[in-house]
Amino acid sequence: MGALTNPELGKYLNENFSSSFQKVATFKIVGGQKQGGNVAAYFCAPDGRVLHVIAGPVGEQTLLREARWVVETWKLAQLQGADKTVAKLKLFLRKVHAERLREEHNLDLRRVPLPNVASQQATPALLMERTLNWRPGLDNAGRVHLLLACYPLVRIEEVYGLVFERILNQPLSTVPVVQRG
């Protein structure tokens, strides 16, 4: 796919985001080529709360479109004053993710009952997992929008494992990368 080799995309990402990475899944490098593993791109607020996620490899046009969506969504939140408090920002992000879920994945959260996730023992991760189990037919992008419509501004450390294991079907691993011939 080579999305990150596109100069326009690289310039846009460098101008609008701070980037980092963390290996959380196993893969091998054979003959200089990566085999296995998966990828997720997280667009976060400075405090590590997730604004948006791209789950899985995508082409340069998709990555650029989603990055622009995050930037424009953030600007709109500021214009509407939604960035002034966490509560207002959560409501705003819930709305924009629900709109994308409705427009792109034909799931209108206003017309369907949300899953019953109430429990005194439920952790945020368990609640999020129950939400993902609720609509198993959605593609990765739809599952991300469902997750972030129900749990906007979730902290990255609370969601990255769920994205890998439940959306990408990739087990987490601390095994080092293996290089072969």
Side-chain angles (χ1 to χ4, degrees), residues 13 16-25 38-58 62-63 65-78 80-105 107-110 112-173:
L13 293 175
N16 291 284
F17 300 98
S18 296
S19 302
S20 70
F21 74 94
Q22 176 68 45
K23 182 190 113 24
V24 296
N38 218 321
V39 64
Y42 298 85
F43 298 92
C44 300
D47 66 356
R49 293 180 187 270
V50 177
L51 304 171
H52 189 39
V53 178
I54 300 172
V58 296
T62 300
L63 183 55
R65 181 187 70 236
E66 295 302 309
R68 285 180 172 153
W69 181 82
V70 172
V71 169
E72 295 307 314
T73 298
W74 183 253
K75 288 178 184 177
L76 185 58
Q78 291 174 313
Q80 295 182 4
D83 65 323
K84 301 297 183 208
T85 67
V86 171
K88 285 182 180 181
L89 188 55
K90 280 185 176 185
L91 287 173
F92 178 82
L93 290 171
R94 176 172 285 137
K95 178 184 168 199
V96 296
H97 281 287
E99 285 173 0
R100 293 222 26 211
L101 193 57
R102 184 173 55 255
E103 292 170 9
E104 298 170 16
H105 304 279
L107 178 59
D108 191 343
L109 295 181
R110 299 172 303 181
V112 293
L114 290 173
N116 182 4
V117 294
S119 168
Q120 291 181 337
Q121 259 73 47
T123 63
L126 179 60
L127 295 175
M128 287 184 283
E129 183 160 344
R130 288 180 184 168
T131 299
L132 288 176
N133 289 338
W134 174 62
R135 295 301 269 210
L138 291 170
D139 65 8
N140 288 355
R143 292 167 65 96
V144 164
H145 288 301
L146 174 62
L147 184 62
L148 296 177
C150 293
Y151 302 97
L153 279 185
V154 64
R155 298 192 64 77
I156 192 168
E157 63 267 18
E158 294 178 308
V159 76
Y160 84 91
L162 196 63
V163 169
F164 263 81
E165 292 182 334
R166 299 291 291 125
I167 294 178
L168 294 170
N169 296 315
Q170 174 91 36
L172 295 179
S173 173

So the side chain to side chain donor-acceptor pair (under 3.5 Å) pairs with at least one residue in residues 93-103 (sequence neighbours excluded) are E66-R100, H97-H145, R100-E104
Q) Hey, are the side chains of F17 and V71 touching, using non-hydrogen atoms and a 4.5 Å cut-off? A) yes
For D47, does its backbone N or O pair with a side-chain atom of R155 as donor and acceptor, under 3.5 Å? yes
Minimal heavy-atom distance between A55 and V144, with the atoms involved, is CB-CG2, 4.0 Å
**Message:** L147 vs V154, test: side chain to side chain contact (heavy atoms under 4.5 Å, CB included). Steps then yes/no.
**Reply:** CA-CA 9 Å; L147 184 62; V154 64; 5.9 Å; no
Less than 4.5 Å apart, side chain to side chain, heavy atoms only: is that true for T73 and F92? yes
Heavy-atom closest pair (A149 atom, A98 atom, distance to 0.1 Å) is CB-N, 3.9 Å
Minimal heavy-atom distance between F164 and A40, with the atoms involved, is CE1-CB, 3.9 Å
Interatomic distance, CD@E158 vs CD1@I156, rounded to 0.5 Å, equals 11.0 Å
Begin from the C-alpha positions of I54 and F43 and carry the test side chain to side chain contact (heavy atoms under 4.5 Å, CB included) through to its verdict. CA-CA 8 Å; I54 300 172; F43 298 92; 3.7 Å; yes
Original post:
Does any non-hydrogen side-chain atom of L148 lie less than 4.5 Å from one of V159?
Top reply: no
To the nearest 0.5 Å, atom CG of L107 lies from atom CG of L101 at 4.5 Å
Here the gap from L93 atom CG to W74 atom CH2, rounded to the nearest 0.5 Å, amounts to 8.0 Å
>> Between L89 and L153, does the side chain to side chain contact (heavy atoms under 4.5 Å, CB included) criterion hold? Intermediate values first, please.
In response: CA-CA 8 Å; L89 188 55; L153 279 185; 3.7 Å; yes
Practice item. Decide side chain to side chain contact (heavy atoms under 4.5 Å, CB included) for V39 and L168; before the verdict, give the C-alpha distance in whole Å, the side-chain angles of both, and the deciding distance to 0.1 Å. Key: CA-CA 9 Å; V39 64; L168 294 170; over 6 Å; no
inquiry  = Using side-chain heavy atoms (C-beta onward) and a distance below 4.5 Å, is R143 in contact with L146?
reply    = no
In this structure, OG1 of T85 is separated from CG of L91 (nearest 0.5 Å) by 8.0 Å
Can you tell if the side chain of V96 reaches within under 4.5 Å of the side chain of W69, non-hydrogen atoms only?
yes
Applying salt bridge (charged side-chain N to carboxylate O under 4.0 Å, His left out) to E72 and not counting sequence neighbours gives K75
